[in-house]
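Below is one structure; the comments refer to it alone.
Numbers here simply count residues along the sequence, with the first being 1. In this text, all values refer to a predicted model and were calculated from it rather than measured experimentally.
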Amino acid sequence: MTEFLTQAGIRDTTAMISALLAFVGICAFFVSLVTEGLKSIRAVDRLPTKLVCYVVAVVITTPVFAALMAWLKQPVEWYMCFGVFLASFVVAKVAMGGWDDVTELAGRLLKKPGGR
């Protein structure tokens with residue numbers, strides 16, 4: 001059974017999925033930090049947070065991917081650029097959902113006793 005899984009590339013697939021999840025997680029962390037920092041600027045604060053998050057995700061995910069590919073010494077193909085563009089929307093959704101969850105959890109844990 002192990003030989004079949006090895007021939008089918010299961011180990012490689014598992015490694016690629018793990019790397020993809022790590023890439024999305026790291027990018028989402030940076031996107032959420034930059035978005036929160038930008039929202040402290042008055043002109044940017046007037047824009048919807050989700051829009052800012054999507055733009056920041058597209059701007060950050062692309063150079064992070066390019067740096068990763070340079071570090072791995074791998075060529076960047078055209079379909080990878082398209083894939084990173086699509087992945088940036090996933091990164092934005094993860095970043096937006098993460099802050100909503102943290103805010104909700106903090107509200108539950110830090111509410112004052114005797115009041116709602």
Side-chain angles (χ1 to χ4, degrees):
M1 182 68 159
T2 306
E3 291 177 37
F4 174 73
L5 293 176
T6 304
Q7 289 176 353
I10 297 300
R11 289 184 185 170
D12 293 336
T13 304
T14 305
M16 290 303 292
I17 290 172
S18 299
L20 179 65
L21 290 176
F23 177 77
V24 168
I26 291 168
C27 287
F29 174 74
F30 286 119
V31 166
S32 61
L33 286 180
V34 171
T35 301
E36 288 299 312
L38 286 175
K39 291 303 282 185
S40 66
I41 299 172
R42 187 173 303 193
V44 178
D45 194 36
R46 294 181 183 149
L47 297 171
T49 304
K50 289 184 178 184
L51 175 64
V52 173
C53 191
Y54 281 123
V55 171
V56 169
V58 170
V59 169
I60 286 182
T61 305
T62 306
V64 168
F65 177 75
L68 176 66
M69 294 305 281
W71 182 65
L72 294 173
K73 296 181 175 122
Q74 295 292 323
V76 177
E77 303 290 336
W78 69 269
Y79 57 86
M80 293 177 182
C81 297
F82 183 68
V84 168
F85 178 73
L86 295 178
S88 66
F89 292 102
V90 174
V91 167
K93 292 299 281 184
V94 169
M96 285 185 281
W99 278 112
D100 292 340
D101 292 344
V102 169
T103 304
E104 180 184 340
L105 183 61
R108 287 183 186 176
L109 293 176
L110 302 176
K111 67 179 165 181
K112 295 180 181 179
R116 290 191 183 238

Is the CZ atom of Phe23 crowded by more than 12 outside heavy atoms at less than 6.0 Å? yes

Any ring-ring contact (aromatic ring centres under 6.0 Å, His included) pairs touching residues 51-84, not counting sequence neighbours? Tyr54-Phe89

Name every donor-acceptor pair, under 3.5 Å, that has one atom in a side chain of residues 40-48 and the other anywhere in the protein, sequence neighbours excluded.
| residue | atom | partner | partner atom | Å |
| --- | --- | --- | --- | --- |
| Ser40 | OG | Gly37 | O | 2.6 |

Quick check against the 3.5 Å criterion: does Thr61 have a side-chain atom that pairs as donor or acceptor with the backbone of Val58? no

Residues in side-chain contact (heavy atoms from CB on, under 4.5 Å) contact with Thr62, at least two apart in sequence or another chain: Val84

Roughly how far, to the nearest 0.5 Å, is the CD atom of Gln74 from the CE atom of Met80? 7.0 Å

Closest non-hydrogen atoms of Cys53 and Ala92, given as atom of the first, atom of the second and distance, are SG-O, 3.7 Å

May I ask whether Phe85 and Leu51 are part of the same hydrophobic cluster, defined by side-chain heavy atoms of I, L, V, M, F, W, Y residues being less than 4.5 angstrom apart, directly or through others? no

Mind checking whether Val59 and Leu86 sit in one hydrophobic cluster, side chains of I, L, V, M, F, W, Y counted as touching below 4.5 Å? no

Atom of Val31, atom of Ala57 and distance for their closest heavy-atom approach: CG2-CA, 3.6 Å

Tightest non-hydrogen contact, residues Ile60 and Val34, listed as CD1-CG2, 3.6 Å

Cluster check Val55, Val94: I/L/V/M/F/W/Y, side chain < 4.5 angstrom: no

